[in-house]
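Working notes for the structure below.
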Amino acid sequence: MAIKILAYEEGHLPGLEALWKQCLPDDPLWEASDAAHSASQARSTIRLIANDGDDVIGSVMAGYDGHRGWLYALAVLPAYRFDHVATTLVIEAEKKLRSIGCTKINLQIRSSNPQAQQFYRTLGYATEDRISMGKRLEFG
């Protein structure tokens, strides 16, 4: 297995879209991949891809607003989920966030996803006493 962690490039988009559709089918963020792709062009956004040969097998998107870092999306193809691909992607994202001055990283996980909760606990993340709130903005 020749897995490499790379910075996202335009040529990765078809593989990234396929990954999102398979791994994050219920996530509305990926329903409009063009919008997600455009949003990820922000200067403080970190986009990493895990490749096995020419195939996109995983990705993580993270960001830093100057106050807190965020892990926005982590996806790894099921066949690679026990090969430390997700761990490697998160560690690389953490390194990149640290290198630009980030001292704290936040993330959100659906309460219906205990596997993700356990995964992040093994990497040192802890549940914080917070309420997550959101508001969808309509365009047009």
Nearest-0.5 Å distance that lies between atom [atom1] in [X] and atom [atom2] in [Y]:
X      : Y      : atom1 : atom2 : result
Arg47  : Glu9   : CZ    : CD    : 10.0 Å
Asp52  : Tyr80  : CG    : OH    : 3.5 Å
His84  : Leu89  : NE2   : CG    : 13.0 Å
Leu107 : Ser132 : CG    : OG    : 11.0 Å
Tyr72  : Ile46  : OH    : CD1   : 9.5 Å
Phe119 : Asn113 : CZ    : CG    : 11.0 Å

Exercise: identify the closest heavy-atom pair between [X] and [Y]:
X      : Y     : value
Val60  : Ala93 : CG1-CB, 4.1 Å
Ile105 : Leu71 : CG2-CG, 3.9 Å
Cys23  : Val76 : SG-O, 3.3 Å
Val85  : Ala50 : CG1-CB, 3.6 Å
Ala62  : Leu97 : CB-CD1, 4.1 Å
Leu74  : Ala86 : CD2-CB, 4.0 Å

Tested for side-chain contact (heavy atoms from CB on, under 4.5 Å) against His12, the lone hit among Ile49, Asp54, Leu19 is Ile49
Please tell me whether Ile91 and Ile100 are part of a single hydrophobic cluster in this structure, the criterion being side-chain heavy atoms less than 4.5 Å apart. no
**Report entry** ILVMFWY cluster, Leu6 and Leu13 together (side-chain gap under 4.5 Å)
**Finding:** no
Across all chains, not counting sequence neighbours, the salt bridge (charged side-chain N to carboxylate O under 4.0 Å, His left out) partners of Lys4 are none
| query | Hey, are the side chains of Asn106 and Glu128 touching, using non-hydrogen atoms and a 4.5 Å cut-off? | reply | yes
Quick note, side-chain hydrogen bond (donor to acceptor under 3.5 Å, both in side chains) partners involving residues 87-100, not counting sequence neighbours, are Glu92-Lys95, Glu94-Tyr125
So side-chain hydrogen bond (donor to acceptor under 3.5 Å, both in side chains) across residues 61-71, not counting sequence neighbours, yields none
* Asked: Between Ile57 and Asn51, is a side-chain contact (heavy atoms from CB on, under 4.5 Å) present by the stated rule, with each step listed?
  -> CA-CA 6 Å; Ile57 61 160; Asn51 271 14; 5.9 Å; no
